[in-house]
Amino acid sequence: MKKLKYILFSCLAVALMFYSSCKKAFLDEKPYSSYTPITLNDSLGFEASLIGLYNHVSTIYSYSDQQGWPSVWQVGTDVANATTNQQGVEVPYYDYTQLTPTDGAAAYMWNRNYILINLSNVIIDGIENPSVSAISAKGKAAINAEAKFFRAYAYNTLATLYGRVPLIKNALTAPKTDFVRAPLNEVNDFIINDLQFAVANLPDIEAVKSNTKGKMYGRANKFMAMQLLAEVYLRTGKNDLAEQQALGIINSGKFSLNKARFGVKASLPGDYYSDLFVYGNQRRSQNNREVIWTLEQENPSSVVGGITNSPQQRRVWGTGYYAIQGMILADSLGGRGLSRLRLSNWFLYSLYKPGDIRNSQYNVKRRFYYNDPANAKFGQIIPYTGPDTLFKINPSITKWNQFDPNDTFGFAMIKDFILMRLGETYLLLAEAQFKQGKLSDAAASINELRKRAFADYPTRGQVQSSDINLNFILDERARELIGEENRRMTLMRTGTLVDRAITLNSNDAAKPLKGLTAKNLLLPIPLTEIQLNKDALLEQNPGY
């Protein structure tokens with residue numbers, strides 16, 4: 001009887017499905033989502049959307065589906081090589097013969113930035129809609145400025161990496177398959193206009209919106225826009241205007257180069273330069289007066305959704321010392337790294353002069369000692385022999401060191417991302433001054449960093465106007481910003497990637513540089529974008 005009941009139920013269900021399918025209404029679509037963005041009309045909606053921009057930017061830096069993602073922007077340049085412990089995504093960025101329009105890294109960066117542009121456009125279109133009347137004119141300008149900063153940030157990345165790109169000025173409300181690449185000067189003008197508006201309407205860093213916990217310094221301030229605008233002006237040859245922006249930041253009195261121990265590890269071995277990058281010291285609210293923009297993250301073990309994906313910076317930059325018998329994981333050694341990249345011989349053995357604090361044992365780890373008390377060699381130095389020197393105890397920077405006792409395996413990293421700080425401002429200023437022929441001024445700008453870097457300055461460390469050229473400035477950027485700047489973007493922006501990589505980093509025996517040519521001053525336009533763009537020609541970059 002029970003079996004018969006199930007058969008009858010099944011037959012009834014089939015009959016109902018057949019009956020419904022014969023009715024015209026059954027074919028009517030019932031969309032549960034819409035391509036058209038929701039209408040923003042109040043401050044809460046705009047605020048939530050703005051917070052979403054920071055969340056999205058974080059996905060650019062926290063990507064872990066391809067764990068070698070941070071390596072893409074360093075290996076095959078002048079400062080780093082891949083190791084035998086590579087993950088895969090970085091291969092075309094030292095073996096350039098494999099860099100093709102199907103490259104996953106180029107496609108991911110394109111995707112992330114165009115999504116950021118559309119998210120920003122939703123906010124901009126909404127706040128510029130005359131029907132929005134519940135927000136004051138000043139409030140509207142501040143919202144607009146924050147969104148325009150991020151739109152400019154995305155377009156600057158795209159223009160640097162790909163050159164001419166489609167220019168999308170409003171939010172997409174329907175599928176679009178006829179994109180064309182805009183002239184580069186039009187894209188640059190669009191970026192500059194957005195940033196000029198942002199500079200004029202974003203708050204001072206001391207007036208950034210607060211919450212119940214105090215100042216939210218991670219939110220956009222006008223100095224972030226000024227720093228980005230200086231970089232854009234340099235890329236577009238407006239060197240006098242770049243100088244003005246950099247000087248405006250330096251002379252604001254809001255920032256200072258750190259020259260004294262501070263923060264959570266001030267009583268432990270270290271120095272005042274390494275203190276800048278200690279977990280717990282990276283924010284302005286943590287007394288780091290050098291940072292202009294820190295993309296703040298939270299430990300996901302205590303704050304659900306505190307960080308997007310699982311950032312790989314520590315594992316990429318840190319050594320795999322734990323794999324050597326007689327070594328155990330330690331906070332003092334930065335936690336668990338994998339050495340997916342190795343600093344170049346030029347960086348390790350030729351770049352720094354004696355006495356430079358940026359090359360101290362607390363900033364570039366060069367010696368390792370057996371640290372397992374149960375091992376007979378406890379306390380002895382580990383010799384540099386064999387393949388271990390390539391990824392287990394290779395010299396490495398400490399900026400991404402961090403040990404989370406809740407995650408001793410160390411898959412994800414929980415540190416903040418310092419995206420802009422005053423040290424770089426001086427370097428942008430020096431570049432702008434050099435390009436105007438102001439060699440003495442450029443030397444003076446770099447000497448501000450040298451005064452901080454050399455304890456016995458000017459006996460050691462001082463540079464003269466005769467020392468200044470673009471290569472020297474790029475050398476100084478490597479000394480100051482290794483592990484922070486996107487080195488590939490810097491060298492692409494300045495047109496020096498090919499010459500510097502081949503001259504300074506073409507002799508690595510493990511993963512040698514291959515096939516680097518002038519075409520690689522731009523990345524390929526992703527093939528999928530070209531193929532989907534069926535109603536117009538989306539041109540590929542030359543050579544790809």
Side-chain angles (χ1 to χ4, degrees), residues 60 63 66 68-83 86-114 154-166 181 184 187-188 231 234-237 316 340-347 470-471 473-475 477-478 481-482 485-508 510-530 538-544:
I60 297 174
Y63 183 50
Q66 293 289 324
W69 171 248
S71 292
V72 167
W73 310 103
Q74 310 294 334
V75 302
T77 69
D78 52 358
V79 299
N81 303 295
T83 68
Q86 66 186 16
Q87 199 270 343
V89 69
E90 67 271 52
V91 171
Y93 291 88
Y94 66 84
D95 183 357
Y96 289 89
T97 63
Q98 299 189 49
L99 184 55
T100 69
T102 60
D103 178 67
Y108 185 77
M109 191 61 106
W110 178 283
N111 169 273
R112 292 292 90 189
N113 280 285
Y114 268 112
Y155 268 124
N156 180 61
T157 299
L158 291 167
T160 302
L161 295 178
Y162 305 92
R164 297 183 299 112
V165 293
R181 297 174 70 180
L184 187 56
V187 177
N188 290 334
E231 181 184 318
L234 284 171
R235 184 172 57 77
T236 57
V316 164
R340 295 201 185 278
L341 61 74
R342 178 185 180 274
L343 294 167
S344 68
N345 288 339
W346 167 75
F347 181 93
L470 183 56
N471 276 321
I473 293 169
L474 292 171
D475 290 352
R477 285 186 68 96
L481 300 172
I482 185 67
E485 73 169 335
N486 183 318
R487 188 63 174 179
R488 182 173 300 281
M489 277 188 62
T490 294
L491 299 186
M492 291 171 76
R493 173 179 67 79
T494 55
T496 59
L497 172 64
V498 179
D499 290 343
R500 287 184 65 90
I502 291 176
T503 301
L504 300 173
N505 193 23
S506 60
N507 60 351
D508 179 73
K511 298 293 178 183
L513 193 69
K514 294 180 183 179
L516 176 59
T517 66
K519 78 174 187 180
N520 303 122
L521 287 172
L522 293 175
L523 295 184
I525 305 298
L527 180 60
T528 52
E529 300 298 322
I530 294 173
L538 189 61
E539 297 174 275
Q540 182 56 269
N541 275 326
Y544 292 106

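This one's a predicted model, so the numbers in the text were calculated from it and none came from an experiment.
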With heavy-atom distances below 4.5 Å as the criterion, would you say the side chains of [X] and [Y] are in contact?
X    : Y    : result
V316 : Q87  : no
L158 : V187 : no
Q66  : V72  : no
W110 : L161 : no
K511 : T83  : no

Could you go step by step and tell me if R112 and T157 meet the side-chain contact (heavy atoms from CB on, under 4.5 Å) rule? CA-CA 11 Å; R112 292 292 90 189; T157 299; over 6 Å; no

Where is the tightest heavy-atom contact between [X] and [Y], given as atom of each residue plus distance?
X    : Y    : answer
Y96  : V75  : OH-O, 4.3 Å
V79  : A478 : CG1-CB, 4.2 Å
A501 : G76  : CB-O, 3.6 Å
A154 : N113 : CA-OD1, 3.3 Å
V91  : Q86  : CG2-NE2, 3.5 Å

ring-ring contact (aromatic ring centres under 6.0 Å, His included) involving Y63 - partner list, sequence neighbours excluded: W69, Y108

By ring-ring contact (aromatic ring centres under 6.0 Å, His included), Y94 pairs with (sequence neighbours left out) none

To the nearest 0.5 Å, what is the distance between [atom1] ([X]) and [atom2] ([Y])?
X    : Y    : atom1 : atom2 : value
N541 : L523 : CG    : CG    : 8.0 Å
N188 : T160 : CG    : OG1   : 8.5 Å
I502 : L497 : CD1   : CG    : 8.5 Å
M489 : R235 : CE    : CZ    : 8.0 Å
I482 : R477 : CD1   : CZ    : 11.5 Å
L516 : L521 : CG    : CG    : 8.0 Å

Hey, does the side chain of [X] reach the backbone of [Y] with a donor-acceptor pair shorter than 3.5 angstrom?
X    : Y    : answer
Y114 : P166 : yes
E529 : L527 : no
N520 : V498 : no

Side-chain donor-acceptor contacts of residues 98-105 below 3.5 Å, not counting sequence neighbours, with atom names and distances?
unit_1: Q98; atom_1: NE2; unit_2: D95; atom_2: OD2; d: 2.9
unit_1: T100; atom_1: OG1; unit_2: T102; atom_2: N; d: 3.4
unit_1: T100; atom_1: OG1; unit_2: T102; atom_2: OG1; d: 2.9
unit_1: D103; atom_1: OD2; unit_2: Y93; atom_2: OH; d: 2.5
unit_1: D103; atom_1: OD2; unit_2: A105; atom_2: N; d: 3.2
unit_1: D103; atom_1: OD2; unit_2: A106; atom_2: N; d: 2.8

Suppose we screen for side chain to side chain contact (heavy atoms under 4.5 Å, CB included). Which residues come up paired with R164, at least two apart in sequence or across chains?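 Side chain to side chain contact (heavy atoms under 4.5 Å, CB included) check on R164 returns R181, L184, E539.
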
S344: which residues meet the side chain to side chain contact (heavy atoms under 4.5 Å, CB included) condition with it, sequence neighbours left out?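 In terms of side chain to side chain contact (heavy atoms under 4.5 Å, CB included), with neighbours along the sequence ignored, S344 is linked to N81, W346, F347, N505.
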
Residues that [X] engages under side chain to side chain donor-acceptor pair (under 3.5 Å), provided they are two or more places apart:
X    : result
T496 : T494
D499 : none
N345 : R342

According to salt bridge (Lys or Arg N to Asp or Glu O under 4.0 Å), does anything in residues 486-497 pair up with another residue at least two apart or in another chain? List the pairs.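 Qualifying pairs: D78-R487, E431-R493, E485-R487.
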
Salt bridge (Lys or Arg N to Asp or Glu O under 4.0 Å) partners of residues 515-528, not counting sequence neighbours, each pair once: none

R500: which of T490, D475, T77 passes side chain to side chain donor-acceptor pair (under 3.5 Å):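 Only one of T490, D475, T77 forms a side chain to side chain donor-acceptor pair (under 3.5 Å) with R500, namely D475.
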
